Protein chains: 2
Amino acid sequence: MPQSVDASNSHRTMQVVNHVRSLIENGTLQPGDKIPPEREFARTLKISRASLRTGIGYLAAMGVMKIRHGVGTFVADGPPDFGKASLSLMGALHGFQSWQMFEARIILESSLAALAAERGKEEHHTAMAEEVAEMFATLGTPVDYLIHDVLFHRVIAQASGNPILAAVMETVTSSMYDKRRKTVERATDLRESAEMHREIYRAIRARKPAEARQLMEKHLRMAQKAQGAERPADRKAAPIVVKSKRA
Amino acid sequence: MPQSVDASNSHRTMQVVNHVRSLIENGTLQPGDKIPPEREFARTLKISRASLRTGIGYLAAMGVMKIRHGVGTFVADGPPDFGKASLSLMGALHGFQSWQMFEARIILESSLAALAAERGKEEHHTAMAEEVAEMFATLGTPVDYLIHDVLFHRVIAQASGNPILAAVMETVTSSMYDKRRKTVERATDLRESAEMHREIYRAIRARKPAEARQLMEKHLRMAQKAQGAERPADRKAAPIVVKSKRA
DNA sequence: AGTCTTTCGGAGGTCAGACCACCGCCAGTA
DNA sequence: TACTGGCGGTGGTCTGACCTCCGAAAGACT
């Protein structure tokens with residue numbers, strides 16, 4: 001596949017996207033930078049403002065740009081962020097199952113935990129410890145507990161030193177957030193959960209990858225069970241379709 | 001979807017996105033379906049055609065819709081497909097390293113191989129065998145070889161029975177395609193590569209998850225080395241930023 | 001009759017310019 | 001000093017006309 005990008009989008013849109021891409025690649029545009037106002041930028045590229053906006057919109061949809069009404073348009077600066085929304089849409093569209101989400105999460109996060117155990121720095125350990133402490137402190141308020149739970153996992157992703165995997169994990173987990181928030185409400189054993197997080201933290205801090213991986217896996221499987229999202233017995237295979245890359 | 005999604009997008013755009021989402025969720029819109037012409041759809045939603053287009057563009061950027069100039073706009077039907085373009089953009093933006101790509105790929109694909117060994121159906125085995133055969137048949141033409149290489153890995157992803165992981169893998173690998181194509185040109189040991197694929201196939205067919213995982217990992221590590229994308233010695237930690245979910 | 005060519009309608013793509021909505025800042029006021 | 005109103009800049013939306021592309025029906029040629 002020579003080209004790249006997708007065929008779906010039209011000429012002008014791609015023109016904008018590619019222009020921005022080159023600006024980023026040659027360092028002219030850095031994360032957090034503000035791009036020129038639409039009117040001006042459009043004049044520069046010699047296209048209408050409408051077309052420019054289409055292109056910018058495309059980039060914003062992919063999380064590369066952040067638009068702030070009345071302020072300006074900026075290059076994304078925070079941690080990489082694939083379209084969070086996309087997964088939930090895709091889920092509805094392709095009928096992703098809950099157990100598949102968990103499976104993906106288990107695979108990603110246990111590896112992430114192992115990597116974090118290998119590479120985590122002091123500051124990561126500190127951050128993790130703080131979140132664990134917060135979890136114990138919020139055992140009484142599930143909603144708050146969840147926040148620190150999520151944060152804890154996020155720190156681990158950071159500590160793994162692999163932003164790609166971290167971003168993927170973020171995408172997957174964020175699409176489960178809503179469901180978790182409901183489940184957490186009637187959770188009875190937050191204490192046990194917190195305990196497990198603490199163990200994971202210890203394994204990572206002690207630089208024991210295998211142990212961290214195993215504990216994380218155990219933790220997530222338990223969470224999966226708590227949410228009744230186990231994989232059902234065997235299922236019919238989906239029709240095997242291995243499309244050529246060509247559109 | 002109560003929570004965030006992203007703050008980046010404006011009222012009308014989200015209106016369109018949410019409308020389409022509900023149409024998909026309640027089954028009115030199926031993969032492959034054609035949505036009404038822009039002018040008509042815009043009238044239905046009581047918004048301008050321009051705004052409608054912004055929303056549709058957003059969906060298209062995320063791979064949920066496919067737009068065909070002069071024909072119409074359709075709901076994506078093929079395998080799930082996160083914005084292929086996005087990763088390469090994000091890569092340029094956040095400076096993803098080659099070794100990180102490989103690391104992600106190794107983690108994903110070895111797990112995928114293990115799952116495929118557990119769940120692969122006859123048809124998957126058949127398809128894999130075919131691709132392996134094709135690989136041996138195209139040892140002399142690297143470009144063609146690569147095609148079947150990619151296809152082989154894709155079948156494994158299919159066989160894993162987890163479309164989410166498959167989609168993620170696809171996103172990661174597709175962003176490496178270009179580089180691989182160059183590397184393959186001067187490859188001297190395609191035969192060895194083909195041989196490894198054959199072994200992986202055997203392990204999967206024999207339903208030996210652990211073995212399949214290990215072989216896949218070995219295979220990819222070798223590919224990584226061939227491309228000189230190993231992880232350098234130790235690096236400075238990135239500043240730890242754990243943003244709250246709230247925008 | 002069968003096939004190639006032309007035409008045309010429908011669908012998306014682009015454009016221009018006016019006007020609306022939002023945010024941040026600064027001057028003026030209490 | 002602290003509050004408040006207004007202004008300028010920036011993104012958001014609308015209208016409506018025109019362009020380009022694709023596919024199929026209609027017509028012409030063999």
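Remember, predicted model here, so these are calculated numbers, not experimental data. Here is the naming used below: chain letters follow the sequence lines, and residue numbers restart at 1 for every chain.
In this structure, the ring of H153(B) has its center less than 6.0 angstrom from the ring center of H197(B).
T73(A) comes within 4.0 angstrom of sugar-phosphate atoms only, judged by non-hydrogen atoms across all strands, and of no base.
The nearest heavy atom of DNA chain D to T54(B) and to R49(B) marks one nucleotide each, and the one closer to the 5' end goes with T54(B). Both P36(B) and R39(A) sit near DNA chain C, but only P36(B) has its closest nucleotide nearer the 5' end. For the pair A50(B) and P37(B), nearest-nucleotide mapping onto DNA chain C gives the more 5' position to P37(B).
Protein atom CG of L52(A) is 13 Å distant from nucleotide atom C1' of dT10(D), rounded to whole Å. H69(B) has its NE2 atom 5 Å from the C1' atom of dG13(C), to the nearest Å. In this structure, NZ of K34(B) is placed 12 Å from P of dG10(C), rounded to the nearest angstrom. To the nearest angstrom, P of dT10(D) lies 14 Å from CZ of F41(A). One atom, NZ of K46(A), and another, C1' of dA16(C), lie 17 Å apart when rounded to the nearest Å. Across the protein-nucleic acid pair, Q15(B) atom CD and dG12(D) atom P stand 15 Å apart, rounded to whole Å. Rounded to whole angstrom, the span from the CZ atom of R68(A) across to the P atom of dG12(D) amounts to 12 Å. In this entry the distance linking CD1 of I35(B) with C1' of dA11(C) reads 11 Å, nearest Å.
Checking dT13(D), dC15(C), dT14(C) against the side-chain heavy atoms of R53(A) singles out dT13(D) as nearest. Of the candidates dT14(C), dC14(D), dG24(C), dT14(C) carries the atom nearest the S10(A) side chain, counting heavy atoms from C-beta on. With distances taken from any side-chain atom of S48(B) to the nucleotides dC14(D), dT13(D), dG11(D), the minimum falls on dC14(D). Distance from the side chain of I67(B) is smallest to dG12(C) among dC22(D), dG12(D), dG12(C).
With salt bridges taken as basic N to acidic carboxylate O contacts below 4.0 Å, one links E103(B) and R119(A). With salt bridges taken as basic N to acidic carboxylate O contacts below 4.0 Å, one links R180(B) and D149(B).
A side-chain donor from one of S88(A) and R21(B) sits under 3.5 Å from a side-chain acceptor of the other.
Atoms CG and CG, from N162(A) and L112(A) in turn, are 7.5 Å apart once rounded to the nearest 0.5 Å.
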